[in-house]
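In what follows, a single structure is set out as structure tokens and then discussed.
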Amino acid sequence: MERTVRRTPDVSLREVFLVAASGLDGEDDRARVVAEALDYLQRGFENHYAARDGATDEEILVGDNAYAWAVETIALLDEPRFVAVASRMIRDGAGRIAESGGVTLELWTPHLAGLLDVISGEGRERSEARIREATGEVRARNG
């Protein structure tokens, strides 16, 4: 039996983003939409790069479909800054995997912070601190 190698962070990007955004003033539906897109993106990476020696055709198709849903979901916001950050996130993640590595939360934290900063306007540094705090909270909650 071939063991599946995890290629994305062991914590849900969706959960981390929602927890990080939950402390923002006011209700902003964009956080929910971004979190949904992050969930699709994470699933896309997991499926596309599922097996140690390469994904099956089916896994690649499932991954590609999830990528498409991620892009479509983020495009609903009609905000070029979201698309720019998300595309850098995908590029950096794919580059890391092409080098036979996995995508860590540390690699994607600046990108998550960039997405959060578009919503919060608090600046990258504060947004990154929110992401790191949320990561700790989600990890503690999920064991």
Side-chain angles (χ1 to χ4, degrees), residues 3-56 58-143:
R3 187 176 146 256
T4 299
V5 176
R6 184 157 190 87
R7 296 296 186 105
T8 65
D10 61 351
V11 64
S12 165
L13 298 179
R14 179 183 185 282
E15 284 184 65
V16 167
F17 196 81
L18 287 174
V19 169
S22 69
L24 299 175
D25 291 334
E27 293 293 318
D28 194 328
D29 198 42
R30 296 179 301 169
R32 183 194 55 75
V33 174
V34 170
E36 184 177 337
L38 289 169
D39 189 47
Y40 286 127
L41 178 66
Q42 190 168 18
R43 284 192 271 158
F45 266 81
E46 275 304 313
N47 282 294
H48 200 102
Y49 302 107
R52 179 182 307 269
D53 296 318
T56 65
E58 183 179 344
E59 288 166 330
I60 289 171
L61 289 174
V62 169
D64 287 349
N65 188 53
Y67 287 148
W69 278 104
V71 171
E72 185 174 319
T73 301
I74 205 87
L76 291 173
L77 296 171
D78 196 26
E79 172 58 65
R81 294 178 299 168
F82 285 121
V83 174
V85 174
S87 66
R88 286 190 302 268
M89 186 175 185
I90 292 168
R91 181 200 65 217
D92 290 353
R96 178 68 59 90
I97 289 173
E99 296 169 350
S100 298
V103 180
T104 63
L105 193 58
E106 290 72 30
L107 175 72
W108 273 347
T109 293
H111 302 296
L112 296 172
L115 293 168
L116 187 61
D117 183 38
V118 172
I119 294 169
S120 71
E122 293 181 321
R124 280 233 199 242
E125 193 173 297
R126 178 63 189 130
S127 293
E128 191 165 321
R130 282 185 181 276
I131 294 295
R132 292 186 189 287
E133 291 165 11
T135 298
E137 185 177 323
V138 170
R139 281 195 169 134
R141 182 176 51 210
N142 294 337

Subject >> Candidate pair Arg139 and Glu15, rule salt bridge (charged side-chain N to carboxylate O under 4.0 Å, His left out), full reasoning >> reply: CA-CA 10 Å; Arg139 281 195 169 134; Glu15 284 184 65; over 6 Å; no

**OP:** Take Leu107 and Thr104 through the side chain to side chain contact (heavy atoms under 4.5 Å, CB included) test and state the conclusion after the steps.
**Re:** CA-CA 5 Å; Leu107 175 72; Thr104 63; 3.6 Å; yes

Original post:
From Trp69 CH2 over to Leu41 CG, what is the distance, rounded to the nearest 0.5 angstrom?
Top reply: 15.5 Å

**OP:** Flag the pair Leu112 / Arg132 as yes when at least one side-chain heavy-atom distance between them is below 4.5 Å, and no otherwise.
**Re:** no

**OP:** Considering non-hydrogen atoms only, spot the tightest contact between Ala20 and Leu116 and give its length.
**Re:** CB-CD2, 3.9 Å

Original post:
What residues, two or more places apart in sequence or in another chain, satisfy side chain to side chain donor-acceptor pair (under 3.5 Å) together with Arg14?
Top reply: none

Original post:
Measuring from Glu125:CD to Glu128:CD, what's the distance to the nearest 0.5 Å?
Top reply: 8.5 Å

**OP:** Could you walk me through whether Asp117 and Arg81 pass the salt bridge (charged side-chain N to carboxylate O under 4.0 Å, His left out) test, one step at a time?
**Re:** CA-CA 10 Å; Asp117 183 38; Arg81 294 178 299 168; over 6 Å; no

**OP:** May I have the step-by-step check of side chain to side chain contact (heavy atoms under 4.5 Å, CB included) for Phe45 and Tyr40, ending in yes or no?
**Re:** CA-CA 9 Å; Phe45 266 81; Tyr40 286 127; over 6 Å; no

**OP:** Calculate, to the nearest 0.5 Å, the distance between atoms CZ and OG belonging to Arg43 and Ser12 respectively.
**Re:** 9.5 Å

Original post:
Hey, what do you get for CD1 (Ile119) to CZ (Phe17), rounding to the nearest 0.5 Å?
Top reply: 4.0 Å

Original post:
How many angstroms lie between CZ in Arg30 and CG in Leu24, if you round to the nearest 0.5 Å?
Top reply: 10.0 Å

**OP:** Check Thr73, Ile74, Asp29 against Val34 for a side chain to side chain contact (heavy atoms under 4.5 Å, CB included) and give me the one that passes.
**Re:** Ile74

**OP:** Taking Trp108 for its side chain and Met89 for its backbone only, find out whether a donor-acceptor pair lies under 3.5 Å.
**Re:** yes

Subject >> Distance in Å, Leu105 CG paired with His111 NE2, rounded so as to fall on 0.5 Å steps >> reply: 11.0 Å

**OP:** Measure across Ser127 and Ala113 and return the closest heavy-atom pair with its distance rounded to 0.1 Å.
**Re:** CB-O, 3.3 Å

**OP:** Please step through side chain to side chain contact (heavy atoms under 4.5 Å, CB included) for the pair Arg141 and Val19, ending with a clear verdict.
**Re:** CA-CA 11 Å; Arg141 182 176 51 210; Val19 169; 3.6 Å; yes

Original post:
Would you say the side chain of Asp39 lies within less than 4.5 Å of the side chain of Leu13, judging by non-hydrogen atoms?
Top reply: no

Original post:
Residues in side chain to side chain donor-acceptor pair (under 3.5 Å) with Asp78, at least two apart?
Top reply: none

